[in-house]
Amino acid sequence: MMVCFGTLAGMYALLGAPIVAAAQVLIYLGAISVLILFAIMLTQAGDANLPRPFHPQVWVAGLVALIIVGLIGYAVTQTDWHAAVAVTAISVETIATALFTDYALPFEILSLLLLVAIIGAIYLARRPEDDEGAN
Amino acid sequence: MGLQGYLLVSAILFGIGAFGFMARRNAILMLISIELMLNAVNLSLVAFNAYGPPGSPAGAIFALLVMAVAAAEATVGLALVIAIIRTRKTAEVDQYADLKE
């Protein structure tokens, strides 16, 4: 999973979006991977091997996933991308200016969402014994 | 490798994520699959932006917003999963069927 995230960061850099590549490294490689590793260590200490990792209807899931990939792949390969000629790099300055002028409202909504997520995660991850204000 | 290559990689990544979400029964692995699907969408956004009209930062900004939403989702999702595993002692989502009333 971490190799996949790192490879994606390289592809963003190839596509001329260095700020997205940097954010990918910081957020996915740095934060989310460590978070998932912590969750796995916290939860799977006792039962490392589940009885059956896959759903009994795994072939249906595989079929549906193959259909999705096939349809998207067909659409991608059959479309004439006549405008696709060159990669144009985007400067960080352009992104920052647009983020704080044209996209100011999504930015503020996003900060509110992150605040709500922080509060929710703290509330959910708290132990029930701490209800009486131990800390 | 032009726009088609990036879009094909994105489609394959999305397919792997969808398959993992539907087939795996471990809650944490299902969350990882969701992250994979969000990454695929991000890749296609950035690819379209790079090959679209020059100088427009919309795709990169959308990708950054999706990344932040994915981080929030992973935080709350993992907190939920840890809380539910603490009470149920299992990570298998089929064992959560008695949550319905």
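Throughout, protein chains are lettered first and strands after them, A, B, ... in sequence-line order, and every chain is numbered starting at 1.
- Not a single donor-acceptor pair under 3.5 Å links the side chain of B:Thr75 to the backbone N or O of A:Ala121.
- The candidate with the highest count of non-hydrogen atom pairs below 4.5 Å against chain A, out of B:Val69, B:Leu7, B:Leu43, B:Leu64, is B:Leu43.
- Neither the backbone nor the side chain of A:Ala31 comes within contact range of chain B; no heavy atoms are under 4.5 Å apart.
- Enclosure of atom CD in A:Glu93 is not indicated, since only 12 or fewer non-hydrogen atoms of other residues, nucleotides or ligands lie within 6.0 angstrom.
- By a heavy-atom distance cut of under 4.5 Å, A:Gly62, A:Val64, A:Ala65, A:Ile68, A:Val69, A:Ile72, A:Gly73 are the residues of residues 62-75 of chain A near chain B, going up by number.
- A 4.5 Å side-chain heavy-atom check between B:Val66 and B:Leu38 finds at least one atom pair inside the cut-off.
- B:Leu31 is listed as a side-chain neighbour of B:Glu73, based on a closest heavy-atom distance under 4.5 Å.
- Residue contact with chain A, scored on non-hydrogen atoms closer than 4.5 Å, involves the backbone and the side chain of B:Ala68 alike.
- In this structure, the portion of A:Ile32 lying under 4.5 Å from any heavy atom of chain B is its side chain and not its backbone.
- Contact count against chain A (heavy-atom pairs under 4.5 Å) is highest for B:Val46 among B:Val76, B:Val46, B:Ile16.
- Closest non-hydrogen pair, A:Thr77 versus B:Gln4, comes out as O-NE2, 3.7 Å.
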(message) Evaluate B:Asn42 against B:Met67 for side chain to side chain contact (heavy atoms under 4.5 Å, CB included), listing each step before the verdict.
(response) CA-CA 8 Å; B:Asn42 255 350; B:Met67 246 179 230; 3.8 Å; yes
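- Linking ILVMFWY side-chain heavy atoms closer than 4.5 Å, directly or via other members, places A:Leu112 and A:Leu99 in two distinct hydrophobic clusters.
- Within the model, atoms CG of A:Asp102 and CD1 of B:Ile61 stand 7.5 Å from one another, a figure rounded to the nearest 0.5 Å.
- Per-residue counts of heavy-atom pairs under 4.5 Å with chain A were compared for B:Leu36, B:Leu29, B:Ile12, B:Ile32; the largest is that of B:Ile32.
- There is no path of hydrophobic side-chain contacts, each under 4.5 Å, that joins A:Leu114 to A:Tyr103.
- Heavy atoms of A:Leu35 lying under 4.5 Å from chain B belong to its backbone as well as its side chain.
- For B:Leu78, the part lying near chain A is the side chain, with the backbone staying farther off; criterion is any non-hydrogen pair under 4.5 Å.
- Of the two parts of A:Ile27, only the side chain, counted from C-beta on, holds a non-hydrogen atom closer than 4.5 Å to a non-hydrogen atom of chain B.
- For the ring pair (Phe, Tyr, Trp, His ring centres under 6.0 Å) test, no residue two or more places apart in sequence or in another chain qualifies with B:Phe14.
- No side-chain heavy atom of B:Tyr6 sits under 4.5 Å from any side-chain heavy atom of B:Phe48.
- Using a 4.5 Å cut-off between heavy atoms, A:Tyr28 contacts chain B through its side chain alone, with no backbone atom that close.
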